[in-house]
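The figures that follow rest on heavy atoms only: side chains count, while hydrogens, waters and symmetry mates do not. Chain letters run A, B, ... following the sequence lines, proteins first, then strands; residues in each count from 1.
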Amino acid sequence: MAEFSERVLDIVKQIPRGKVASYGQIARMMGSPRSARYVGYALRGNHDPIVIPCHRVVFKDGRICEGYAFGGPEVQRALLEDEGVAFLDDMHIDMDACLWQPEADRLSRPPDIDWEKEMGL
DNA sequence: AGAATGACGTATG
DNA sequence: GCATACGCCATTC
């Protein structure tokens, strides 16, 4: 098992209830900001919904991969809503409010984060 | 063992 | 602003 997958799983498992993380952000957390694709890939290969809440891993847009998360789109929405995640649409999460920001606690940065700049950097 | 593919995101045309 | 191309690296056939 490559460290890549284990690291992804480890990060996803650490996503607190009521929070969501984007693939790109996780990729950046592991030091490979360009490898966002493989974050999800690792999840699929290690599909283990017991310890890997895939429904908390969403696109940058806040959309969920309903075709790959367990249960189904309805279950995902129910789980996320039950966890306190705000939904803008049936398939879009309020990233601005529910995005998992472990660093935010340290940076105490306002919600006016310039992600584009962070990404580009 | 080698080729193909794949849950994203950014850059460029 | 929309469409297309590329990059990244591991997993799978």
Spatial distance of atom CH2 (A/Trp100) from atom CE (A/Met95) [nearest 0.5 Å]: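 One finds 13.0 Å between CH2 of A/Trp100 and CE of A/Met95.
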From CD1 (A/Ile52) to CZ (A/Arg44), nearest 0.5 Å: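 Between atom CD1 of A/Ile52 and atom CZ of A/Arg44 there are 13.5 Å.
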Of the options [options], whose atoms approach the side-chain atoms of [X] most closely?
| X | options | answer |
| --- | --- | --- |
| A/Tyr41 | B/dA7, B/dG6, B/dT10 | B/dG6 |
| A/Arg37 | C/dC8, C/dT12, B/dA7 | C/dC8 |
| A/Arg44 | C/dT12, C/dT11, B/dT10 | C/dT12 |
| A/Tyr68 | C/dA10, B/dG9, B/dA7 | B/dA7 |
| A/Cys65 | C/dT11, B/dA7, B/dT10 | B/dA7 |

May I have the distance from [X] (atom [atom1]) to [N] (atom [atom2]), rounded to whole angstrom?
| X | N | atom1 | atom2 | value |
| --- | --- | --- | --- | --- |
| A/Leu43 | B/dC8 | CG | C1' | 12 Å |
| A/Tyr38 | C/dT11 | OH | C1' | 11 Å |
| A/Phe59 | B/dA7 | CZ | P | 8 Å |
| A/Arg34 | C/dA5 | CZ | C1' | 14 Å |
| A/Tyr23 | B/dG9 | OH | C1' | 13 Å |

Lys/Arg N to Asp/Glu carboxylate O, A/Glu83 vs A/Arg56, below 4.0 Å: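 Counted as a salt bridge, because a side-chain N and a carboxylate O are separated by less than 4.0 Å.
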C/dG7 phosphate, OP1 or OP2, under 4.0 Å from A/Ser35 side-chain N/O: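 No.
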Side-chain heavy atoms of A/Cys65 within contact of A/Phe59, under 4.5 Å: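 Yes, their side chains come closer than 4.5 Å.
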